[in-house]
Amino acid sequence: MPLRVKSRPLSGADGGWRTPSPFGRQVRFGPELPDIETDDAFREVVKKLSIYIAETVQLPSTFEQLRTTTAGDGLRTLVEHLNRTCTHPAIVNALLALKWHYGASSEDKGLSDARANACEIVAWRFLAHLSEREAVDFCLYEIPEPSPTATPRSGDEEGGEVDESSSLLAQAWSGTTESARKALSQTGSSKRNLLLQSISRLTMSMAADTDDEEDDEDDPTAPFTNLNALEIAAIADAKRFLSQNVVQKIITGIWNGDIIFWDNLSASSVKKPRFYNPHTADPFSRLRVPKYLKSFEVVFFATFLALYYAVLVERNPYQVSTLEVFLYLWFAAFTYDELSEWIDAGSIFYAADVWNIFDMVMMAIGLVFFVLRVVGLSTGDNRLVDLAFDVLALEALFMVPRVCSILSLSPYWGTLIPCLKEMGKDFVKFMVLVVIIYLGFLTTFSLIGRDAYGLGEMTMFLTKIFFGSSFVGFEIMGHIDPVFGPPLMILFVMLSSILLMGSLTGMLSNSFSRVITHAREEYLYVYSVYVLEASTSNRLTHFYPPFNLLALVIFRPLRLFLPSDNKFRSARIMLLKATHLPIVAVIELYEWFVGTSQKGAQYTGFRGPRHAVQASPAPVQKKWGPGRPPHVRSLASSSSLRPASAEVLPRLSERQMAMAEEAAEERTFGEPATDIEVQISELAAKIDRLTEVVIAMQSQQSRPLADIAL
């Protein structure tokens with residue numbers, strides 16, 4: 001039976017409006033929302049956001065609590081406010097910089113982690129309200145130089161105005177050679193400490209307005225200069241932000257070369273994010289595409305492995321053969337390339353990749369082999385020569401897995417690596433307890449059984465027992481000591497075979513279960529860091545090994561007495577084109593075959609409004625009212641998600657847009673909604689529509705209200 005609603009005249013002397021519901025008012029009693037202007041400096045944006053975050057999040061909360069409960073209401077309000085009013089291109093950079101600050105803070109760890117999670121949630125929710133092309137603009141926007149006369153960065157060639165070795169995690173202040181050397185030394189932990197101290201100095205004074213007191217020359221946000229939002233996210237370990245679909249689509253675009261940072265190789269080239277245009281881009285710029293870098297790396301290691309096997313099979317003990325000379329060249333090129341990568345990324349992030357640890361061990365083994373080989377041949381010591389080849393045989397333990405490292409880019413294999421890494425850490429920690437117990441029993445058995453067994457024999461016996469050969473202990477316990485031997489050995493067997501091994505198995509199982517739930521985020525984080533490090537370097541010319549040895553031999557000596565000017569860079573570019581022409585030809589043939597060259601100037605995989613420059617969102621010179629600015633679209637109405645007609649968009653209420661946003665979050669973080677939850681959401685939507693109809697009918701004062709059937 002249809003529901004009938006009958007209207008009544010409104011009470012009151014003038015027949016005016018009744019008192020509206022307090023839920024319909026836009027009244028705020030919480031912290032004041034930040035007023036971020038388009039022309040605000042990056043330090044001002046960070047300060048304003050830090051004040052609001054500190055006042056909003058005052059109790060320790062988990063990520064899920066901030067995302068799904070009323071503890072995150074202030075964050076939703078901030079996202080809506082930024083979506084309506086903020087057009088600052090560095091807003092995502094500022095949120096992720098605050099995420100880094102709070103995450104690295106050691107004071108009140110629970111509260112700091114909650115604020116760090118809040119910054120990360122606001123950052124990716126803000127992106128969720130944008131189209132995909134607009135998200136590209138914000139994510140790849142680089143914080144400009146604080147000086148008003150700063151100019152875009154151009155490619156440098158080892159020692160110019162901008163250090164070519166500074167990339168994702170070792171960005172430099174450009175200007176002079178002295179500043180470049182300073183930035184080169186600030187890699188790894190020193191760079192991380194510098195970033196932390198900078199943001200800490202900024203947020204420590206956030207309660208007071210110190211714009212006039214602070215010295216512009218000592219800008220605490222200067223270390224973030226020339227970093228984009230994705231690079232800051234990698235530094236801040238914002239793994240949930242990097243695992244968002246729109247962010248991963250951008251990173252995938254960089255991986256495939258659809259988004260590039262260098263479109264030509266010339267002395268005047270400027271690093272700028274843009275969509276790849278095959279009609280105007282230099283074909284040699286494709287050498288910087290991470291996908292092709294990884295492919296050539298696999299080819300290089302496969303050749304390396306073939307030379308390695310050839311030298312071991314030949315095993316010439318009297319002289320250095322031609323194959324061995326090529327093996328030394330491959331070792332040298334590999335070492336120089338890894339050294340360059342270490343300088344680019346910094347020691348901490350370089351060692352964070354498990355494959356880089358394999359590389360370091362391979363370089364160490366190769367160096368030991370070379371020294372033993374040279375000393376053995378020069379002295380005629382056959383024993384050293386044999387030892388050198390035995391040491392070289394150890395290289396296969398690391399080289400063979402390194403050749404297969406391409407599998408780590410697969411979601412399946414890449415998901416297992418973080419699990420194995422964490423299980424290995426727990427295993428090492430547990431083995432400390434095992435070693436302590438083992439040394440105690442080893443000392444006791446060695447002393448009471450000194451007449452029957454030596455220290456070496458007893459060590460081997462206990463090792464066999466620990467790894468499952470319990471019968472060995474029962475056979476020797478009477479020979480160790482007739483009185484103390486049997487009870488002590490039974491106790492050791494019970495501890496090692498039952499208690500310790502059972503505990504180890506259960507602990508590793510729990511570790512695997514704990515890590516596998518977040519393994520996707522870990523995999524995407526490692527994948528994202530690799531893509532960013534391979535693509536965002538300030539180095540204009542990147543020589544593939546073993547061609548990098550030519551640049552080392554030719555241009556390094558010339559730097560001693562020749563200036564690093566445009567002629568010097570042009571010479572490096574000429575050498576690069578001469579040596580890498582076959583590689584570029586293969587890349588062009590591959591792209592012609594798969595149809596990449598048929599793409600236009602704007603990559604069609606990213607939907608939304610098109611911009612000429614993809615790294616700089618067009619600033620808007622006025623603040624927007626309750627309506628959304630043209631370049632900001634809601635999640636429910638964005639063309640990047642689903643097509644919607646112009647007639648449908650105005651009918652989306654704030655509640656419906658919030659429900660759409662929550663549904664998108666559930667697809668990323670939560671479990672699929674149940675039937676009951678779907679029915680509840682549908683019922684809530686119907687109630688909203690009914691409320692809107694009733695309010696609309698009450699607003700019609702001039703004529704009686706008709707019956708409405710629902």
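Values reported hereafter were calculated over all heavy atoms of this structure, with side chains retained and with hydrogens, waters and symmetry mates removed.
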Measure the [atom1]-[atom2] distance between [X] and [Y] for me, rounded to the nearest 0.5 Å.
{"X": "L227", "Y": "I232", "atom1": "CG", "atom2": "CD1", "result": "5.5 Å"}
{"X": "F301", "Y": "S405", "atom1": "CZ", "atom2": "OG", "result": "6.5 Å"}
{"X": "L265", "Y": "R288", "atom1": "CG", "atom2": "CZ", "result": "8.0 Å"}
{"X": "K99", "Y": "L49", "atom1": "NZ", "atom2": "CG", "result": "15.5 Å"}
{"X": "Y276", "Y": "I259", "atom1": "OH", "atom2": "CD1", "result": "14.5 Å"}
{"X": "I587", "Y": "K291", "atom1": "CD1", "atom2": "NZ", "result": "10.0 Å"}

Contact summary for [X] and [Y], nearest pair of heavy atoms:
{"X": "V79", "Y": "F126", "value": "CG1-N, 4.2 Å"}
{"X": "S285", "Y": "N264", "value": "CB-N, 4.3 Å"}
{"X": "W255", "Y": "V289", "value": "O-CG1, 3.4 Å"}
{"X": "C119", "Y": "L98", "value": "SG-CB, 3.6 Å"}
{"X": "F358", "Y": "P401", "value": "CE2-CB, 3.8 Å"}
{"X": "A234", "Y": "V529", "value": "CB-CG2, 3.9 Å"}

Which residues share a side-chain hydrogen bond (donor to acceptor under 3.5 Å, both in side chains) with D282, sequence neighbours left out: none
List in chain and number order the residues that pass side-chain hydrogen bond (donor to acceptor under 3.5 Å, both in side chains) with D426, two or more places apart in sequence or in another chain; answer none if no residue qualifies. S511, R514
Checking [X] side chain against [Y] main chain: does a donor-acceptor pair fall under 3.5 Å?
{"X": "E120", "Y": "F241", "result": "yes"}
{"X": "D337", "Y": "A333", "result": "no"}
{"X": "S340", "Y": "Y336", "result": "yes"}
{"X": "Y525", "Y": "A238", "result": "no"}
{"X": "E231", "Y": "N228", "result": "yes"}
{"X": "Q248", "Y": "L242", "result": "yes"}
{"X": "E521", "Y": "H518", "result": "no"}

Could you tell me which residues satisfy salt bridge (charged side-chain N to carboxylate O under 4.0 Å, His left out) with D263, sequence neighbours excluded, listed by chain and number? R274
What residues, two or more places apart in sequence or in another chain, satisfy salt bridge (charged side-chain N to carboxylate O under 4.0 Å, His left out) together with R402? E297, D359
If we only count heavy atoms from C-beta on, is the [X] to [Y] side-chain gap below 4.5 Å?
{"X": "F300", "Y": "F334", "answer": "yes"}
{"X": "V92", "Y": "Y141", "answer": "no"}
{"X": "M362", "Y": "E338", "answer": "no"}
{"X": "V46", "Y": "H101", "answer": "no"}
{"X": "N117", "Y": "R240", "answer": "yes"}
{"X": "L82", "Y": "H88", "answer": "no"}
{"X": "L66", "Y": "F63", "answer": "no"}

Under 3.5 Å, which donor-acceptor pairs link side chains of residues 578-585 to any protein atom two or more places apart or in another chain?
{"unit_1": "T579", "atom_1": "OG1", "unit_2": "L575", "atom_2": "O", "d": "2.8"}
{"unit_1": "T579", "atom_1": "OG1", "unit_2": "L576", "atom_2": "O", "d": "3.2"}
{"unit_1": "H580", "atom_1": "ND1", "unit_2": "L576", "atom_2": "O", "d": "3.1"}
{"unit_1": "H580", "atom_1": "NE2", "unit_2": "Y544", "atom_2": "N", "d": "3.0"}

Test side chain to side chain contact (heavy atoms under 4.5 Å, CB included) applied to V361 - qualifying residues, sequence neighbours left out: I365, F398
Apply side-chain contact (heavy atoms from CB on, under 4.5 Å) to E64 and R67, showing your working. CA-CA 5 Å; E64 289 299 323; R67 189 180 69 85; 2.9 Å; yes
Pair L78, I53 - check side-chain contact (heavy atoms from CB on, under 4.5 Å), show working. CA-CA 9 Å; L78 177 60; I53 294 295; 4.1 Å; yes
More than 12 heavy atoms of other groups within 6.0 Å of W355 CH2: yes
Y292/V586 under side-chain contact (heavy atoms from CB on, under 4.5 Å): CA gap, chis, key distance, verdict: CA-CA 10 Å; Y292 302 138; V586 173; over 6 Å; no
Lys NZ or Arg CZ of K294 over Y530 ring: under 6.0 Å, within 45°: yes
Check for me whether R572 meets the cation-pi criterion with F543, that is, NZ or CZ under 6.0 Å from the six-membered ring centre and within 45 degrees of the ring axis. no
Pick out which of T517, L524, I516 makes a side chain to side chain contact (heavy atoms under 4.5 Å, CB included) with R520. L524
Between the side chains of R286 and E591, is the shortest nitrogen-to-carboxylate-oxygen separation below 4.0 Å, so that they form an ion pair? yes
side-chain contact (heavy atoms from CB on, under 4.5 Å) between Y523 and I417, intermediate numbers included: CA-CA 8 Å; Y523 157 70; I417 291 178; over 6 Å; no
